[in-house]
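Here is the structure we will look at.
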Amino acid sequence: MRRRHEPHITDEGTPASGAIRPHRRTFLTQGALLAGATVGGLVSQTSGSRAAEFPPEWRRRPGRSFVAYGTPSPFEAKVGRLLPVRPAGHPTPGAGASFTPLEQLHGIITPNGLHYERSHSGVPDIDPARHELIVHGLVRRPLVFTVDALLRYPTVSRVYFLECTGNSLAGFPATSPAGPLGRMHGLISCAEWTGVPLATLLDEAGVDPRARWMLAEGIDGSGMSRSLPLDKAMDDVLVALYQNGERLRPEQGYPVRLFVPGFEGNLSVKWLHRIKVTEGPTYTKDETSKYTDLLPDGRALQFTLRMDVKSTITRPATGLTMQGPGLYEVSGLAWSGTGRIRRVEVSADGGKSWADATLQEPVLPRALTRFRLPWKWPGGPAILASRATDERGEVQPTREQLVAARGLRSVNHYNAISICHVGGDGQVTSAWA
Ligand code: CO
């Protein structure tokens, strides 16, 4: 019988070079990690060992044959989107959101089947042969594109995050939702999107010099529509056709969606059917009723389109359990609608002191960035937190700072630092403050 290998620290030493870190006794640099510690499986590793039968049955007979479209291992069947909890008899089936299980994933790419969903009237099954994209309004010549025509245009591929405007909205009242981390922050995902630059299509239609905005409308049951400034539309917006190498999933707007990097998720209008070039915003029902930010004095901010700098620790997190004192990798995700993430700091004492995490390359603009920091958990209670800074120097605020600026009546654009309690018993609870 062989012993199961567990991660352990073989050297109590700390890095000899560089500035003294506030956390030198609990956080290890990558160099110290390589020199002095051995890493095996980390969080959530099953403890105790069952007698292993050898050879196992999969060594003694051939495995299954080929399949046309692959699926995860049956042993990963528990990994799925966190579905909406709705009162029975809710009047609008399919209106709501499902969340990405951030605590179950690693790296920066969200598998297509786990990308968060947000829809206002369910997911239509659109026949691409019967779908058209219309470009009209303040243009020299209105154009109608079939999906086949769009597929013939030159394309670009970019890795971008998509975040729902209302992601983390329970942070305003600071009511920690029941369930895993994804219930708090899982209305964010990241994929490689391939499509036609919108500027190509607008140039072909010939934009009138008076035009400053455009309207994008979907053809789902809700007719979801939003206004977008034309300078953004001509900059980096895509008419997206592919997601992570395959055609869009129905819940992501098949056969064609708008993709607006770094902006509120709902601007990336799914099931895209119509673009109207305009002088000003259209003030659609969606942007006047839902996607505004109510201030304490009763006024509301409108067209706050860019998503702010933000981060969350995904390991450890609610839904995972510590397996005894020792070496753990603290890891998570950071992002900013402004551009690249420049820095992520991690605290183990609830924000009193901070240490720099390593950013996983490539650090891409308006994409998720994975950060990591080796941590020696001594076994007592700890409060972990992460704080992101983007390339423009914007720093993720504390909850106190955010509430002071925005009040408690809003539901959108919550980006404050959140924390993760590690109990002395190894129980992990992610929370707002
Ligand atoms: Co907004």
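Whatever order the structure lists them in is the order used to number ligands and atoms, beginning at 1.
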Side chain to side chain contact (heavy atoms under 4.5 Å, CB included) between Val159 and Cys190, worked out:
CA-CA 7 Å; Val159 176; Cys190 186; 3.6 Å; yes
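The NE2 atom of His413 and the OG1 atom of Thr304 meet at the Co ion (ligand 1) at an angle of about 100°, given to 10°.
Ring-plane geometry between Trp377 and Tyr328 is classed as perpendicular, the angle between the planes exceeding 60 degrees on a 0 to 90 degree scale with a lower cut at 30.
Among the backbone and side-chain atoms of Thr292, none of the N, O or S atoms lies under 2.8 Å from the Co ion (ligand 1).
Among the heteroatoms counted here (N, O or S) of Glu264, OE2 is the one nearest to the Co ion (ligand 1).
A search for ring-ring contact (aromatic ring centres under 6.0 Å, His included) contacts involving Phe259 returns Tyr160, Trp193, not counting sequence neighbours.
In this structure, Arg343 pairs ionically with Asp356, as a charged nitrogen and a carboxylate oxygen lie closer than 4.0 Å.
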